[in-house]
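See below for the structure under consideration.
Sequence positions, counted from 1, serve as the residue numbers for this chain.
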Amino acid sequence: MSSEAHAHGNAHGHDHAHGDGHSHGSMKSYLIGFFLSVVLTAIPFWLVMTGKLGNPQLTGFIVMGLAAVQIVVHMVYFLHMNPRSEGGWNMLALIFTVVIVVIALSGSLWVMHHLHANMMPTHDMSKMP
């Protein structure tokens with residue numbers, strides 16, 4: 001930006017310095033968020049690749065739970081959502097997101113369960129004429 005354009009912006013009362021009172025995060029908070037994101041990605045990957053739990057349903061529930069936690073980590077550490085910012089509207093958005101994620105996950109599980117139950121043959125196909 002040229003000094004003339006910068007002076008023009010300040011002459012009209014437009015400060016481009018992000019002095020809006022919002023928290024834009026620090027290097028420490030971004031590193032904490034990054035570390036948590038890596039851990040919350042590595043644990044499900046490890047569980048699925050090694051099959052340590054031995055129960056696919058339990059593994060699926062743990063992976064989905066960690067995915068939901070990772071969504072919250074991203075919202076808190078990268079989108080800077082907390083109860084104080086934006087007069088509480090960010091917290092309302094966080095709660096709305098959690099509700100939508102729960103509906104999407106439970107609905108997906110319900111649909112997959114019923115597809116499995118209704119699409120798998122329950123009789124011996126070799127006895128068909």
Side-chain angles (χ1 to χ4, degrees):
M1 173 182 268
S2 70
S3 62
E4 179 183 312
H6 185 64
H8 176 74
N10 287 339
H12 292 293
H14 300 294
D15 185 15
H16 298 287
H18 296 293
D20 53 6
H22 299 323
S23 171
H24 293 289
S26 64
M27 180 64 88
K28 180 181 176 184
S29 70
Y30 284 123
L31 287 175
I32 291 170
F34 176 73
F35 175 75
L36 289 172
S37 296
V38 168
V39 169
L40 290 169
T41 300
I43 290 172
F45 185 80
W46 176 76
L47 285 173
V48 170
M49 294 303 290
T50 60
K52 286 286 185 185
L53 297 179
N55 184 349
Q57 287 85 12
L58 178 61
T59 302
F61 282 120
I62 290 174
V63 168
M64 284 190 298
L66 290 173
V69 170
Q70 189 169 35
I71 289 171
V72 174
V73 165
H74 283 245
M75 291 179 76
V76 169
Y77 286 99
F78 301 123
L79 297 177
H80 312 294
M81 291 188 167
N82 60 46
R84 298 177 312 275
S85 63
E86 300 290 332
W89 283 105
N90 278 343
M91 184 54 69
L92 187 63
L94 177 65
I95 292 168
F96 177 74
T97 302
V98 168
V99 168
I100 295 299
V101 166
V102 167
I103 290 170
L105 289 175
S106 60
S108 297
L109 286 174
W110 182 74
V111 167
M112 288 188 286
H113 170 73
H114 284 281
L115 282 174
H116 177 73
N118 294 323
M119 298 297 288
M120 297 303 292
T122 57
H123 59 279
D124 188 7
M125 296 295 285
S126 63
K127 295 182 182 176
M128 300 260 328

Problem set entry | Distance, nearest 0.5 Å, that separates CD1 of I43 from CD of Q70 | 10.5 Å

For this session: Consider only side-chain heavy atoms of I, L, V, M, F, W and Y, link residues closer than 4.5 Å, and tell whether V101 and F61 are in one cluster.
Result: yes

Problem set entry | OH (Y30) with more than 12 external heavy atoms under 6.0 Å | yes

Problem set entry | Approximate separation, where rounding is to 0.5 Å, of L79 CG and I71 CD1 | 11.5 Å

Exercise. Which heavy-atom pair separates V73 from G33 by the least distance, and what is that distance?
Worked result: CG1-O, 4.0 Å

Problem set entry | Distance (rounded to the nearest 0.5 Å) between I100 CD1 and L105 CG | 11.5 Å

Exercise. Going only through I, L, V, M, F, W and Y residues with side-chain contacts under 4.5 Å, is there a path from V72 to L92?
Worked result: no

For this session: Rounded to the nearest 0.5 Å, what's the gap from CG on L47 to OG1 on T59? Could you check?
Result: 6.0 Å

Exercise. When rounded to the nearest 0.5 angstrom, what distance separates CZ in F34 from OG in S29?
Worked result: 14.0 Å

For this session: Check the hydrophobic clustering (I, L, V, M, F, W, Y; side-chain heavy atoms under 4.5 Å; chains of links allowed) and say if W46 and L66 are grouped together.
Result: yes

Exercise. Same hydrophobic cluster for V39 and L31, using side-chain heavy-atom links shorter than 4.5 Å among ILVMFWY?
Worked result: no

Problem set entry | Residue pair S37 / F78, side-chain heavy-atom distance below 4.5 Å | yes

Exercise. Nearest 0.5 Å, what's the CG-OG1 distance between L36 and T41?
Worked result: 10.5 Å

For this session: Determine, using the 4.5 Å side-chain heavy-atom cutoff (strictly less than), whether M49 and M64 are members of one ILVMFWY cluster.
Result: no

